[in-house]
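Encoded as structure tokens, the structure appears first; notes follow it.
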There are 2 protein chains.
Amino acid sequence: MIETLLCRLENFQPLADEDRRVLQQALTPPVRMDRGEDVISEGERPEHVHLMIDGWACRYKLLADGQRHIMAYLMPGDLCDIHITLLNRMDHSIGILTRAHVAGIPRQALDHIYAHHPELTRALFWSTLVDEATLREWLVNEGHRPADQRLAHLFCELLVRARVAGLTENHCMELPLTQDELSDAMGLSTVHTNRVLQKLRREGLLTLRGRTLSVHDWQGLTEFADFDPLYLHLERSERMSDLLGGI
Amino acid sequence: MIETLLCRLENFQPLADEDRRVLQQALTPPVRMDRGEDVISEGERPEHVHLMIDGWACRYKLLADGQRHIMAYLMPGDLCDIHITLLNRMDHSIGILTRAHVAGIPRQALDHIYAHHPELTRALFWSTLVDEATLREWLVNEGHRPADQRLAHLFCELLVRARVAGLTENHCMELPLTQDELSDAMGLSTVHTNRVLQKLRREGLLTLRGRTLSVHDWQGLTEFADFDPLYLHLERSERMSDLLGGI
DNA sequence: TTTTCACATTAACATTTATTACCAGGAATG
DNA sequence: CATTCCTGGTAATAAATGTTAATGTGAAAA
């Protein structure tokens, strides 16, 4: 049930069977959720760390004028910030984008891991560092890249992340996001997102159809997007070249 | 020497004298640096956590076309990410913006704090959570707010952060950033930044002159910018109202 | 089948922001 | 004292993106 998470963490360092078991046993039973529900909403007190078992979610904020800004996509195997329970109130919401199952890690279970399983603790800290680095890369993306490069960069990232979690087949992945949801993350209008997607398709870089992303020209796409996967910190570099060469 | 840091951390929870002393003693002697130098550069291996003693710095990345994107401003009392030493290589650089002094916290000293000073550890974790939340707010800012609101929002944030670190006088703070540096953070051209600053000045919201930011209409500015300080997580709420009412 | 609905697409037009290029003032420098 | 450089300010034009509104399309629902 937590293969995707383990698969992701092991890009940082291999885990002992003991660590894998401890992590598995720390989880609360997964809860089934549907598109449109919030895992947790802005202003609420965070009681657990959440883990996406399957399905997709996003971090988002609502602005004064009702617009939604998506700040991160969570795919299967992704964790919410493991320190989150330190805070009194959430400053953003986590919303479900597809039918999904979400498990939790109670605070005490985490404290126990910190105290007794240093390797696993390091892997979890690594995971939050990657989340933070991803946030920084998104900031650069929105601040300095035009719409077409911006979307291209997002697709590069999502494909690598999916690959790392074992969720790709060749150059394809399930990508259950509407153009509206892409727009809210990229800070674009849906109309413009649509224009840009067509352009990327016309240029033979990728297609996005029927909830599936297919990248046709990985090298062309990464060059166009100025994509450098360093920020994903796949520290076991043999695997990094597997990943990137293999795509 | 670490008053600003302590001042900031105590917005989360009060610290025992013992914790204050431990933190003080963990520091390496501050190094003097000048504008244009890098504390650490992209690709380098992070050996320490850094602390700004005085002066300003920024996190930034250089893009393929040579543009610089600033992802965070570091003012006195700000720490780099305390987990950073887990990573093999920096995915961004930290550059000095003014004459400054920078101290370090060695990895072992931090490990010792984690093992023996839980209150202080919580405060340090809180600090990184705030940094991350700030990054998310910047993402929203760049993605969804027009240039004038965007700059206004930045100034709101900087004034509150400075206030929290004890660096304001009334409605004023030292803000040693050029319009170029503001532009690189906001994803705007310098020309447009200049136009917008004039507009904010004309409307009586603030002036930025001679390295000093003076806010003339705090309430007007926060309303215009849609600024909600929740994301700064000043958990001791009595202090929050002090801060915000008092400005 | 028909209807409905969510999502994608298209077009015309408006607005924001970038680009380029030039000027002005003040501080540092020789 | 002249010079240079950094920073801020201005204007004309171009490019990117937003807005509004209408249409198409395919899958689910009735």
Side-chain angles (χ1 to χ4, degrees), chain A residues 34-36 56 63 65-70 95-99 141-155 174-202 206-214 224-225, chain B residues 34-36 56 63 65-70 95-99 141-154 174-202 206-214 224:
Chain A
D34 272 309
R35 179 185 169 88
W56 283 55
L63 282 86
D65 61 1
Q67 285 190 88
R68 168 181 67 171
H69 190 97
I70 292 178
I96 294 289
L97 295 174
T98 67
R99 179 158 303 183
N141 212 22
E142 295 194 9
H144 262 109
R145 282 195 263 259
D148 48 3
Q149 282 184 45
R150 201 184 298 180
L151 272 160
H153 194 281
L154 173 67
F155 293 133
E174 201 200 338
L175 185 61
L177 304 174
T178 67
Q179 294 187 3
D180 246 325
E181 286 153 357
L182 288 170
S183 307
D184 283 348
M186 297 289 99
L188 297 169
S189 66
T190 48
V191 174
H192 202 59
T193 298
N194 183 273
R195 280 194 283 250
V196 168
L197 286 177
Q198 289 178 54
K199 181 179 165 245
L200 295 176
R201 201 182 300 154
R202 234 181 299 119
L206 56 84
T207 55
L208 182 56
R209 183 172 296 283
R211 313 286 103 137
T212 298
L213 169 68
S214 312
F224 175 67
Chain B
D34 273 309
R35 179 185 169 88
W56 283 55
L63 283 86
D65 61 2
Q67 284 190 91
R68 168 181 67 172
H69 190 97
I70 292 178
I96 294 289
L97 295 174
T98 67
R99 181 157 302 181
N141 212 22
E142 296 194 7
H144 263 109
R145 282 195 263 260
D148 48 3
Q149 281 185 45
R150 200 185 299 180
L151 271 160
H153 195 282
L154 173 67
E174 202 200 337
L175 185 60
L177 304 174
T178 67
Q179 294 187 1
D180 246 325
E181 286 154 359
L182 288 170
S183 308
D184 283 348
M186 296 289 98
L188 297 170
S189 67
T190 49
V191 174
H192 202 60
T193 298
N194 182 273
R195 278 195 285 255
V196 169
L197 286 178
Q198 289 178 52
K199 181 181 166 246
L200 295 176
R201 200 181 301 153
R202 233 182 299 119
L206 56 85
T207 53
L208 183 55
R209 183 172 296 284
R211 315 283 103 136
T212 298
L213 169 68
S214 313
F224 175 66

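A quick note: this is a predicted structure, and the numbers were derived from the prediction, not measured.
- Using a 4.0 Å heavy-atom distance criterion, A:Gly187 is classed as a sugar-phosphate-only contact.
- The salt bridge (Lys or Arg N to Asp or Glu O under 4.0 Å) check on B:Arg35 picks up B:Glu181, with sequence neighbours excluded.
- For the pair B:His192 NE2 and D:dA14 P, the interatomic distance rounds to 19 Å; values are reported in whole Å.
- Using a 4.0 Å heavy-atom distance criterion, A:Leu197 is classed as making no nucleic acid contact.
- Ranking D:dT7, C:dT19, D:dT19 by closeness to the A:Ser189 side chain, first place goes to D:dT19.
- In terms of phosphate contacts, A:Arg201 brings no side-chain nitrogen or oxygen within less than 4.0 Å of OP1 or OP2 of C:dA8.
- Side-chain N or O atoms of A:Arg150 include one that pairs as donor or acceptor with a backbone N or O of A:Met186 at under 3.5 Å.
- Across the protein-nucleic acid pair, A:Met186 atom CE and D:dG18 atom P stand 12 Å apart, rounded to whole Å.
- Nearest to the side chain of B:Arg35, among D:dT17, D:dT7, D:dA12, sits D:dT7.
- Of the candidate nucleotides D:dG8, C:dT17, D:dT17, C:dT17 has the atom nearest to the side chain of B:Leu188.
- Straight-line distance from the CG atom of A:Leu177 to the C1' atom of C:dA8: 15 Å, rounded to whole Å.
- Among D:dT7, C:dT10, C:dC7, the nucleotide with an atom closest to any side-chain atom of B:Thr178 is D:dT7.
- Counting only heavy atoms from C-beta on, B:Gln198 has its side chain closest to D:dG9 among D:dT19, C:dA18, D:dG9.
- With hydrogens and angles disregarded, no donor-acceptor distance shorter than 3.5 Å links the side chain of A:Ser183 to the backbone of A:Thr193.
- Using a 4.0 Å heavy-atom criterion, one finds that B:Arg145 contacts no nucleic acid atom at all.
- You'll find that the side chain of B:Val191 is closest to D:dT10, out of C:dT17, D:dT10, C:dT9.
- Between the CG atom of A:Asp148 and the P atom of D:dA15 there is a distance of 15 Å, given to the nearest Å.
- Between A:Arg211 and D:dG26 there is no side-chain polar atom (N or O) within less than 4.0 angstrom of OP1 or OP2.
- Close to C:dA8, at under 4.0 Å from its OP1 or OP2, lies no side-chain N or O of A:Asn194.
- Taking only side-chain atoms of B:Gln179, from C-beta outward, the nucleotide of C:dT17, D:dT17, D:dG9 with the closest atom is D:dG9.
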